> 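Below is one structure. I have some questions about it.
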Amino acid sequence: MKIEDNFETFNSLIRRKFIWGPSPEIYGGLAGFYSYAPSGMALKNNILNLFRRELQYFGFGEVECPTIMPEIVWRASGHLERFIDPVLRCKKCNTLYRADKFLQEQLPDLMIDGLSFQAMEDLIKKHNLACPNCGNTFTKIEEYNLMLKTQVGNNVTAYLRPETATTTYLLFNRLNQDARRQYPIRICQFGKAYRNEISPRQGVLRMRAFDQLELQLFIGKQQEMEFEDYEEIKDKILPLLDWKLQEKNIVKPEKISLETTINTKILKKPAYAYCLYITYYLTRILGFPEEVIRLRQHSINERAHYADDAWDLEIKTKQFGWVEICGVHDRTNYDLRRHGEFSKQNFNINMSSDSETKEIPQILEIAFGIDRIIYTLLETNFNVEEGRINLKLNPNLAPNIVAVFPLVKNKENIRKLALSVHRDLLENRINSFYDASGSIGKRYRRQDEIGTMYCVTIDYDSLEDNSVTLRFRDTMKQDRVNINELVEIIRNKLRTFK
RNA sequence: GCGCUCUUAGUAUAGUGGUUAGUAUGCCAGGUUGCCAACCUGGCGACCCGGGUUCAAUUCCCGGAGGGCGCACCA
C-alpha cells in the first residue's frame, strides 16, 4: 500500500488500525451505527479524562441520567413538536418530501407555518399538488420522527433522548438545594444521545447513536450581565464569525477579544462570552491549532427552538469542510419555564440576597459531540512526512504513552531487560506497549501512525550501563537516558502538555 | 427517502460463467539484524446477503443491506 498524503490514506488508516468500524458489521451493518475498538476507545477515554479534569477546575459537577424518558418530558422540552416533521410520500416513486417546506415552496404567498396536518392536506387537494419527481399523488401526511420511540413497561410511550441537556435540567430542584444559592450552578453530563437521522452519512460525524458532553450554567438574569469570571477572561482573543460577516459571504473568522464583542454588541451577555471562552479553551488543549478553529454564529432561522443566541465551534477538515464539534446555546429560561409548567414544580426561585425578587433561572449550554472531536482530531493530526505516517496527537491523548522494544528479539538478555522496563512503566501506571516483532524501524513506524510520542529501545549497551534510547515521534531524534530515570523523564515530558 | 454508482484477504487492488481467485502490503512462525517500513524460508487470510437463470454463478438478472456522490433532510 502506497503512502500518499491524502484522505484516502487517512481513511485506510482508520480501518487498518481498527479505530472504529460499522456495526453490526458481520450482519452487514446498520446505517448510522459504529463500534469503537480498543485504540479508538483509548483515545476517547483520554479526551474525556482531560475534559473531566479541566471541568473540575472550572467548577463543574457531573451527573448521569437515563437515556430514556417518558413522552411528557419531550412534550415539555419542545422536542416532540419540533423533532417530528410532517412528510409527504409519493404513492408511486416513494419520494419523501417535508410537507411544510414543500407547500411553502409551491405556494409562496400563503402562510404555511403552524397549519394542521388536515389544513395542509386540504391545500394539496385544493391546488392539485403532485409529486414533482413523477407527477403522481401523495399519501396522507405522515410523521417522520427524529426521536427514536419505544415502550416502557406495558404501555408507557417513551423516547430515547435526542440530547443529554434536557435530562440534566430535570434535576434542577435537587441541584438547586445542593448548590446553597451559589450561582451559577455548573453541571455537566456525558452520555449517549439518539437521533433517527433520515440518511446518516460521513461516518462517525453523523451517527444515530452518539456521545455528547454537555455543560450547563444555571444562572440569574442579572448575573449573566455582571459575571465575575468574565473579568478574568475578557482579554482573551477568539476566532469569531458572527452572522453579519457570514451575510457578506466571509468565511474567515475575525480575531476579537471578548471584551470587544461585548462592547460592540456582537455578544449580549458576559456570561455567554465566558461560555465561548471555555469552549475554545477546551478545544485548544486537545491540540487543535488555532488556524483550524472558528466560532460561527447561527443566523436566526438556523437556531434551535430553545435558543436566543447560538454559536458553533467548527473545525476545518480536509474531507468534509468545516465540521461542528460543539454548539453553545443561550437557552434563556425556556427549559425551566416549560418543565416548571408541565411538571407543576415551582422553578421561580430567589437567586440573590434580595428576598423579594424571584426568577426562573437562565440556562447557558455548551454541547460537545465527542465522536466529532475524535474524527476531527485524528484528521488534523494526521501527517505524511516523507512516506511516514505521523499522527501528531498530544502525547497524553494517544492510545499508548510509550512503547518499549528490544533492539533485537533473539538475544534473551536484551529481551528480558526490555520486558522489565515495560513492566516497570506499567507499575508506575504509564501506559506502555511492548513490541518485539519486525525490524526496529518497522516498530517505530507502527507507533508513529497511532501517535505514540515516546519509544524506548533496549540495546547491547543497556546491558552494560543501564541506559536506553528514548526516541521521539516528531523529530525521530534519540536521547540516551538511564533506566532508573525513565519514569520521571516521561512524566516530566507529559507535564508540559496540558 | 429518491437518482446514479460501487462492494474480492486486515488494508489497497487485479481478474473470471468451470481458475489451486492473482498481486502488493499486512499478519504469524523461524532465521538474520548494533536504531528508522531491509533481507531469506515457510505459513495465514477474501469474492456483502437472499433469490433466479444455468449442467455450473464470485462473475449474468432481480431484490436487500452497506458505502460514495448529487437531491432532499440535518431540531
Side-chain angles (χ1 to χ4, degrees), chain A residues 1-4 8-9 11-18 21-34 37 74 77-85 87-90 92-98 101-102 105 131-134 142 144-147 162-163 165-166 193 195-203 205-208 298 301-307 310 319 324 327 329 385-390 405-411 414 437-449 455-463 468-473 475-478 480:
Chain A
M1 216 201 66
K2 42 188 188 281
I3 298 175
E4 285 169 28
E8 280 83 3
T9 309
N11 292 337
S12 173
L13 176 72
I14 300 293
R15 286 191 278 267
R16 208 156 42 79
K17 303 307 281 191
F18 189 30
S23 186
E25 193 177 17
I26 62 168
Y27 290 105
L30 186 58
F33 293 93
Y34 292 83
W74 308 112
S77 71
H79 286 89
L80 209 52
E81 203 177 324
R82 298 300 179 128
F83 260 57
I84 295 181
D85 295 331
V87 292
L88 287 165
R89 189 184 295 277
C90 172
K92 193 171 178 213
C93 72
N94 217 25
T95 302
L96 213 58
Y97 299 90
R98 175 82 184 268
K101 292 205 173 183
F102 174 74
E105 228 170 74
C131 172
N133 192 34
C134 69
E142 304 167 26
Y144 188 90
N145 193 342
L146 244 44
M147 285 195 292
E163 59 165 17
T166 286
R195 291 178 196 182
N196 198 15
E197 300 282 357
I198 292 175
S199 66
R201 279 185 194 177
Q202 306 181 326
L205 292 186
R206 228 171 118 207
M207 294 197 283
R208 284 173 164 151
H298 282 198
N301 48 19
E302 205 179 341
R303 281 180 210 154
H305 60 277
Y306 46 68
Q319 194 161 202
E324 174 197 350
H329 298 111
E385 297 166 352
E386 294 164 31
R388 175 177 78 117
I389 293 176
N390 187 7
F405 315 134
L407 182 61
V408 293
K409 67 174 168 183
N410 62 351
K411 298 285 179 290
I414 290 183
S437 89
S439 70
I440 190 72
K442 177 171 284 186
R443 283 176 257 159
Y444 285 143
R445 299 306 164 91
R446 279 189 195 127
Q447 295 308 312
D448 291 342
E449 64 181 14
C455 292
V456 174
T457 301
I458 286 76
D459 58 20
Y460 294 89
D461 289 345
S462 309
L463 300 172
V468 293
T469 295
L470 181 60
R471 179 263 195 192
F472 302 99
R473 181 191 67 199
T475 58
M476 298 197 286
K477 293 223 167 82
Q478 307 182 341
R480 199 73 195 172

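Each chain gets a letter, A, B and so on, in the order its sequence line appears, and its residues count up from 1. Note that the structure is predicted; figures quoted are calculated from it, not measured.
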> Looking only at heavy atoms, which two atoms of A:N11 and A:Q319 are closest? And how far apart?
ND2-OE1, 2.8 Å

> Say you pick atom P in B:G42 and the same atom in B:U25; how far apart are they, in whole Å?
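To the nearest whole Å, 15 Å.
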
> In whole Å, measure the gap between the P atoms of B:C49 and B:C73 for me.
36 Å

> Return the nearest nucleotide to the side chain of A:A31; candidates are B:A12, B:G66, B:C27.
B:G66

> OP1 or OP2 of B:A38 sitting under 4.0 Å from any side-chain N/O of A:S439?
yes

> For A:R388, which residues count as a side-chain contact (heavy atoms from CB on, under 4.5 Å) partner, sequence neighbours excluded?
A:E385, A:N390, A:R445, A:D448, A:R471, A:M476

> When you match A:P200 and A:Y306 each to their closest nucleotide on RNA chain B, which lands nearer the 5' end?
A:P200

> Can you figure out which of B:A12, B:G34, B:A37 approaches the side chain of A:L407 most closely?
B:G34

> Indicate whether OP1 or OP2 belonging to B:G34 is found under 4.0 Å from a side-chain N or O atom of A:K411.
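Answer no for this pair, as no side-chain N or O of A:K411 is under 4.0 Å from OP1 or OP2.
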
> According to a cutoff of under 5.5 Å between the ring centres and under 30° between the ring planes, does A:Y444 stack with the base of B:A37?
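Here the ring of A:Y444 and the base of B:A37 are not stacked, as the 5.5 Å and 30° limits are not both satisfied.
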
> Name the stems with RNA chain B in them: runs of three or more consecutive Watson-Crick or G-U pairs, distances under 3.5 Å?
B:1-7 with B:65-71, B:10-13 with B:22-25, B:26-31 with B:39-44, B:48-52 with B:60-64

> Looking at residues at least two apart in the chain, or sitting in another chain, which of them share a ring-ring contact (aromatic ring centres under 6.0 Å, His included) with A:H329?
A:Y306

> In whole Å, what separates the C1' atom of B:A38 from that of B:G31?
14 Å

> Rounded to the nearest angstrom, tell me the gap between atom OH in A:Y144 and atom P in B:A72.
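The distance from OH of A:Y144 to P of B:A72 comes to 17 Å, rounded to the nearest Å.
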
> Can you tell me how far P of B:U11 sits from CD of A:E4, to the nearest Å?
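In whole Å, B:U11 P lies 19 Å from A:E4 CD.
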
> To the nearest Å, how far apart are A:M476 CE and B:A37 P?
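Answer to the nearest Å: 9 Å.
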
> With heavy-atom distances below 4.5 Å as the criterion, would you say the side chains of A:E163 and A:H79 are in contact?
yes

> Scan A:R445 against the nucleic acid and name what it touches under 4.0 Å (heavy atoms): base, sugar-phosphate only, or nothing.
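Base, at least one base atom sits under 4.0 Å.
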
> Rounding to the closest angstrom, what is the interatomic distance between B:C44 and B:A21 at atom P?
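Taking atom P in both B:C44 and B:A21, they lie 14 Å apart.
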
> Listed by chain and number, what are the side-chain contact (heavy atoms from CB on, under 4.5 Å) partners of A:K101, not counting sequence neighbours?
A:R98

> For A:R208, which residues count as a side chain to side chain donor-acceptor pair (under 3.5 Å) partner, sequence neighbours excluded?
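If we apply the side chain to side chain donor-acceptor pair (under 3.5 Å) test to A:R208, skipping adjacent residues, there are no hits.
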
> Work out how far the P atom of B:U58 is from that of B:C48, and round it to whole angstrom.
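Comparing P positions in B:U58 and B:C48 gives a spacing of 10 Å.
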
> Tell me what A:E324 touches on the nucleic acid: a base, only sugar-phosphate, or nothing, going by heavy atoms under 4.0 Å.
nothing

> Whether the side chain of A:R471 and the base of B:C36 hold a donor-acceptor pair under 3.5 Å is what I'd like checked.
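Such a pair is found, so the answer is yes.
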
> Have a look at A:Q478 and say if it touches a base, only the backbone sugar-phosphate, or nothing, with a 4.0 Å heavy-atom cut-off.
base

> Could you measure between the two C1' atoms, the one in B:U11 and the one in B:C61, and give it in whole Å?
32 Å

> Could you tell me whether A:N410 contacts a base, only the sugar-phosphate backbone, or nothing, with contacts defined as non-hydrogen atoms closer than 4.0 Å?
base

> Residues two or more places apart in sequence or in another chain: which of them pass side-chain contact (heavy atoms from CB on, under 4.5 Å) with A:F18?
A:A37

> Would you say A:S437 reaches B:C28's phosphate, i.e. side-chain N/O to OP1/OP2 under 4.0 Å?
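True: A:S437 side-chain N/O within range (under 4.0 Å) of B:C28 OP1/OP2.
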
> Using a 4.0 Å heavy-atom cut-off, does A:G387 contact any base of the nucleic acid, only the sugar-phosphate backbone, or nothing at all?
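Base contact.
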
> How is A:R206 classified with respect to the nucleic acid when contacts are heavy atoms under 4.0 Å: base, sugar-phosphate, or nothing?
base

> Could you tell me how far apart A:K409 (NZ) and B:C39 (P) are, to the nearest whole angstrom?
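It works out to 15 Å between those atoms.
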
> With C1' as the reference atom in both, quote the distance from B:C40 to B:U32 in angstrom, rounded to an integer.
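Looking at atom C1' only, B:C40 and B:U32 are 8 Å apart.
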
> If you take all heavy atoms of A:T166 and A:S77, which pair is closest and at what distance?
OG1-CB, 3.8 Å

> Would you kindly give the CZ-to-P distance between A:R16 and B:U13, to the nearest whole Å?
13 Å

> Output all residues satisfying side-chain contact (heavy atoms from CB on, under 4.5 Å) with A:I440, sequence neighbours left out; order by chain, then residue number.
A:F405, A:L407, A:R443, A:Y444, A:T457

> For A:G32 and A:R480, take the nucleotide of RNA chain B holding the closest heavy atom to each; which residue's nucleotide lies nearer the 5' end?
A:R480

> How would you label the contact of A:K101 with the nucleic acid (heavy atoms, under 4.0 Å): base, sugar-phosphate, or nothing?
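Touches sugar-phosphate only.
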
> What is the distance, rounded to the nearest whole Å, between atom CZ of A:R98 and atom P of B:C73?
8 Å

> For nucleotides 1-4 of chain B, print each protein N/O atom paired with a nucleotide N/O atom at under 3.5 Å, atom names and distance only.
from: B:G1; atom 1: O2'; to: A:N94; atom 2: O; distance (Å): 2.8
from: B:G1; atom 1: O6; to: A:S199; atom 2: OG; distance (Å): 3.4

> How close do A:Y144 and A:N196 get, heavy atom to heavy atom, and via which atoms?
OH-O, 3.0 Å

> Pick the C1' atom in B:C55 and in B:G64, then give their distance to the nearest Å.
28 Å

> In whole angstroms, how far is the C1' atom of B:A65 from the OH atom of A:Y27?
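Taking atom C1' of B:A65 as the reference, OH of A:Y27 is at 14 Å.
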
> What's A:D461 touching, base or sugar-phosphate or nothing? Going by heavy atoms closer than 4.0 Å.
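Counting heavy atoms under 4.0 Å across all strands, the contact made by A:D461 includes a base.
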
> Would you name the heavy atoms of A:M207 and A:Y34 that are closest together and state the gap between them?
SD-CD1, 3.5 Å

> Determine the contact category for A:Y97: base if any of its heavy atoms lies under 4.0 Å from a base atom, sugar-phosphate if only primed atoms, P, OP1 or OP2 are that close, otherwise nothing.
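Nothing: the residue A:Y97, judged by heavy atoms under 4.0 Å, touches no strand.
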
> Of all residues at least two apart in sequence or in a different chain, which pass the ring-ring contact (aromatic ring centres under 6.0 Å, His included) check with A:F102?
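Here the qualifying residues are A:Y97, A:F138.
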
> Could you state the atom-to-atom distance from CD1 of A:I414 to P of B:U33 in whole Å?
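Interatomic distance, CD1 of A:I414 to P of B:U33: 12 Å.
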
